[in-house]
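To keep things clear, I will list the structure first and then write my remarks on it.
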Amino acid sequence: MTVTTTRPEPAVADRGTDPEGPAGRRVLTGDRPTGPLHLGHYFGTLRNRVRLQRQGAELFVVVADYQVITDRDIADRLAEHSENLVIDYLATGLDPESATIFAHSAVPALNQLLLPFLSLVSVAELGRNPTVKDEIAHSRQSAVSGLMFTYPVHQAADILFSKADLVPVGQDQLPHLEVARTVARRFNERYGAGIFPCPRALLSEAPLLPGTDGGKMSKSRGNAIALAADEDETARLVRGARTDAERRISYDPAGRPGVAGLLQLAALCQDRTPGQLAEEIGDGGAAALKRTVTEAVNEHLRPIRARRAELAADRGHIRQVLRTGAERANAVADATLAEVRAAMGAVGSA
Ligand code: ATP
Ligand code: MG
């Protein structure tokens, strides 16, 4: 294994990163179509994507459909979930005229990049990846598949094909991004080719939004409030959130994680600080806190949900967005694969 000697760039970009600058010209992110997007996605990455796009960055968004079978035996309702993801993207403000929104499975060159990339990381490195370990612990499969084990490399191909330099993600993705950075550096070094920029993560002010049980809000852990949920469902989910019996509401993330998570959520929706909100609720207890959170979330999401409903009525348009995105992504991925093959001296390369 070649060990890299060049000094790496910082792995996480400054929050106020300016996409006009050299660090942010091309942005790639994505999500697994395992269910509806939730507030963790929205505050964790979606708002950053929209902000970067509005500032002029070129955006690539991958619907990571092959990644669903990393930890599921059956890719359940894949097409429906994929289309719903696109509806969520457009409803929150992504513009498909300029953003390239595509499904992984529609871009075959991504899987061809996987082989040379796999040769650049060791089994021990993959085994140490904390996010893979965590996802294995929450997996519904009895045995860990080879795909589950190698999926950070799979994801490296999803990122590097676009030569993105900025990747807006939640905190759980940092170990995966480190793999992509390692692959980029090692490929460039091993083949003496400066093909891949070293991508940096962009974290939001909510890099790990807790769900209603206090753990990371996740599609697959039954603790999420979906963007697509209606107002009554939102109220029911917030009512069921784990808190404590203390009447006075205070912001104490270490000592009172359930209360702190709810305060954080309402504060994000109202663009205030959790401490201010806690003061205001005072001795109102968990019931008053939950009422505040429900109102804040429903109010913030009202226009997004209305837009969602309009978009959901025209599935033909959503499928067209994915077709156009796949065309653009294939052109970029084929060009990158041709460079990779040429750098490796592959037979048949130009
Ligand atoms: P699954 O349970 O199927 O893994 P998920 O809810 O974890 O779904 P992903 O599709 O794995 O969602 O993640 C997509 C993106 O959203 C990633 O960048 C991830 O870091 C970010 N993200 C997911 N959940 C949160 C959260 N609770 N807070 C902040 N960011 C999040
Ligand atoms: Mg996940």
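This structure is a prediction, so every number in the text was calculated from the model and none was measured. Just follow the structure's listing: the first ligand is 1, and inside any ligand the first atom is 1. We're numbering straight along the sequence, starting at 1.
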Side chain, backbone, both or neither: the part of Ala206 lying under 4.0 Å from ligand 1 by heavy atom: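 Contact part for Ala206 vs ligand 1: backbone (N, CA, C, O).
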
Specify side chain, backbone, both or neither for Ala64, according to which of its non-hydrogen atoms lie closer than 4.0 Å to ligand 1.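 It is neither; nothing of Ala64 touches ligand 1.
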
Does [X] reach ligand 1 with a nitrogen or oxygen that is under 3.5 Å from one of the ligand's nitrogen or oxygen atoms?
X      : result
Thr45  : no
Gln173 : no
Arg49  : no
His38  : yes
Glu135 : no
Val169 : no

Does [X] pair with [Y] as a salt bridge, N-O distance under 4.0 Å?
X      : Y      : answer
Glu83  : Arg319 : yes
Arg181 : Asp165 : no
Asp283 : Arg247 : no
Arg256 : Asp244 : yes
Arg308 : Asp88  : yes
Arg186 : Glu125 : yes
Arg328 : Glu58  : no
Arg236 : Glu231 : no

Which of the atoms of ligand 1 are close to [X], meaning less than 4.0 Å from one of its heavy atoms?
X      : answer
Met217 : 24 (N), 25 (C), 26 (C), 27 (N)
Gly44  : 29 (C), 30 (N)
Ser218 : 2 (O), 6 (O), 7 (O)
Pro207 : 28 (N), 29 (C), 30 (N)

Please report which non-hydrogen protein atom sits nearest to [atom], along with the residue it belongs to and the distance in Å to one decimal place.
atom                    : value
atom 12 (O) of ligand 1 : His41 NE2, 2.9 Å
atom 10 (O) of ligand 1 : Lys219 NZ, 2.7 Å
atom 31 (C) of ligand 1 : Gly40 O, 3.7 Å
atom 23 (C) of ligand 1 : Lys216 NZ, 3.5 Å
atom 19 (C) of ligand 1 : Asp172 OD1, 3.4 Å
atom 4 (O) of ligand 1  : Arg32 NH2, 3.4 Å
atom 28 (N) of ligand 1 : Leu209 N, 2.9 Å
atom 2 (O) of ligand 1  : Ser220 OG, 2.3 Å

Any chance the side chains of Ser220 and Arg32 put a donor and an acceptor closer than 3.5 Å?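 The answer is no; no qualifying pair exists.
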
Going by heavy atoms, is Gly30 under 4.0 Å from ligand 1?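 Flag set, Gly30 near ligand 1.
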
For the rings on [X] and [Y], is their centre-to-centre separation under 6.0 Å?
X      : Y      : result
Phe43  : His38  : no
Phe117 : His154 : no
Phe102 : Phe161 : yes

Does Glu279, at its CD atom, have more than 12 non-hydrogen atoms belonging to other residues, nucleotides or ligands within less than 6.0 Å?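 At most 12 heavy atoms, drawn from other residues, nucleotides or ligands, come within 6.0 Å of this atom.
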
I want to confirm something. Looking only at heavy atoms, which of Gly170, Pro168, Gly222 is nearest to atom 18 (O) of ligand 1?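 It is Gly170 that holds the nearest heavy atom.
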
